[in-house]
Engineer: 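Got a structure for you, written out below as structure tokens; questions coming shortly.
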Amino acid sequence: SGKQLLSRFHGCLVGAVLGDCLGSPFEGSDCVTYDEVERISLNMGKSTRSSRHRFTDDTAMTRSLAASLIEHNGFNAKDMATRFTDEFFRDSARGYGYNVTTVFQAWKDETYDDVFQPAREQFQGSGSYGNGGAMRIAPVPLFGYNFTEAKLQELAEQTTLLTHTHPDALSGAILQSFAIHQALHETSEVLDTQKFLDGLIEKMNKVEDNSEGVSRRPKRPSEEEPHPYCFKLEKIKEFLTKDEADTRDVVYELGTDVSALGSVPTAVFAFLWCHKERKGLEKWSPFEQTIIHSISLGGDTDTIASMAGAIAGAYYGIEAIPWEWQSQCEGVADAKKYAEDILKIVQSNVTAE
Ligand code: R7I
Ligand code: MG
Ligand code: MG
Ligand code: MG
């Protein structure tokens, strides 16, 4: 129903903001205990007013991406690039990745002549493999709620190519889009996590085979693992067959770094792992577990918690997200407005067809 869908759209973008805000105090640290997450990110026992959490670049770029899709009813490269850049120069102290800021500078200097060129020149021409494309992708699967797999992939690639051209960055953004898209469409109350992963593996196999990739997609240099995302999704399947997972094993196998390959599968894992009640997290709901567990893995905590939060929010809906958490985080009301505007477009596009 319409209401249920609005709840999922709200949940997705609010989940993304919350993960970013609550995860950012721990970005770059080692594994974090659940107690520390509760004390610092959740301000347990403290007044919430005085300790509002700021969002970082993850949310800043998500907002620009959403606003651009809404304004143009789809992808407009120059407009999206302009919004990313204006936002960066308006408020650059949001913890942006170091290299992506040179893309913003080049756009500004070259007056957005060829918006795709600066990203191609990153890292001596191999392109950034950072998770910056994936971290801001949530509006894409919302906007593409009724899209085919191929169309959703294309939109994810277009928005990512503005700053990240490395195949790993593209595939990471595509995987995160598929994960949110599946979560939005998932109606069973008890999730079949193996089936959820099989769905992602089937889609990512095609992506990684490169058979259906768009022509401008750069070829992946021959590497040890030809299907690195599918490989990690299989690892997640293994973890999920067990009752407990050692954090060090998860970090070792899946990663918690700023690369797309070392963080997007981890976010998918956190969502699926926390669908069941987990040791040490008994007092929390599955959505809450997802955020807390994501942060506890350490490393790129804002981004992993944000991506996991977006998937979880898309599945559990806004009702699953505690008001207390929402009120502590900057940008929640705006996230809801973006979700509503995107849903309106999705629904009017259906009527128009
Ligand atoms: O991907 P990006 O937008 O960064 C996002 C991350 C998130 O964690 C945010 O929360 C924020 O903290 O930053 O920005 P990029 O600058 O494109 O990539 C991030 C980092 O990944 C770079 O600064 C590099 O350290 C690393 N990196 C690479 N290193 C070597 N070779 C990305 N691509 C390469 C590469 O090809
Ligand atoms: Mg950040
Ligand atoms: Mg193959
Ligand atoms: Mg980060």
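One-based numbering, in listed order, for ligands and for the atoms of each.
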Engineer: At the 4.0 Å heavy-atom cut-off, does Gly127 count as touching ligand 1?
Structural biologist: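 Right, Gly127 reaches ligand 1.
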
Engineer: Going by the closest heavy atom to atom 5 (C) of ligand 1, which one wins out of Asn131, Thr303, Thr160, Asp302?
Structural biologist: Asn131

Engineer: Do Ser68 and Asp79 have side-chain N/O donor and acceptor atoms under 3.5 Å apart?
Structural biologist: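 Per modelled atom types, Ser68 and Asp79 side chains form a pair under 3.5 Å.
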
Engineer: Is there a donor in the side chain of Asn99 and an acceptor in the side chain of Ser128, or the other way round, less than 3.5 Å apart?
Structural biologist: no

Engineer: Considering only heavy atoms, does Glu27 approach ligand 1 within less than 4.0 Å through its side chain, its backbone, both, or neither?
Structural biologist: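 Contact part for Glu27 vs ligand 1: side chain (C-beta onward).
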
Engineer: Enumerate the atoms of ligand 1 whose separation from the nearest heavy atom of Gly95 is less than 4.0 angstrom.
Structural biologist: 11 (C), 12 (O)

Engineer: Any idea how Trp107 and Phe84 line up, ring-wise: parallel (<30°), tilted (30 to 60°), or perpendicular (>60°)?
Structural biologist: parallel

Engineer: With nothing but distance in play, are any N or O atoms of His164 less than 3.5 Å from an N or O of ligand 1?
Structural biologist: yes

Engineer: Short list, please: which atoms of ligand 1 are under 4.0 Å from a heavy atom of Asp58?
Structural biologist: 9 (C), 10 (O)

Engineer: Going by the order shown, which atoms of ligand 1 are within less than 4.0 Å of some heavy atom of Val258?
Structural biologist: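 Counting atoms of ligand 1 from 1, those under 4.0 Å from Val258 are 8 (O), 20 (C), 21 (O).
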
Engineer: Closest by any non-hydrogen atom to atom 15 (P) of ligand 1: pick that one out of Ser128, Gly132, Gly28, Gly130.
Structural biologist: Ser128

Engineer: Quick one: angle Thr56 OG1 - the Mg ion (ligand 2) - Asp57 OD1, to the nearest 10°?
Structural biologist: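 Here the angle at the metal atom is close to 90°, to 10°.
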
Engineer: Using a 3.5 Å cut-off on N or O atoms only, is Tyr129 in polar contact with ligand 1?
Structural biologist: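 Yes; the residue has a nitrogen or oxygen that sits under 3.5 Å from a nitrogen or oxygen of the ligand.
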
Engineer: Considering both backbone and side-chain atoms of Met135, is one of its nitrogen or oxygen atoms within less than 3.5 Å of a nitrogen or oxygen in ligand 1?
Structural biologist: no

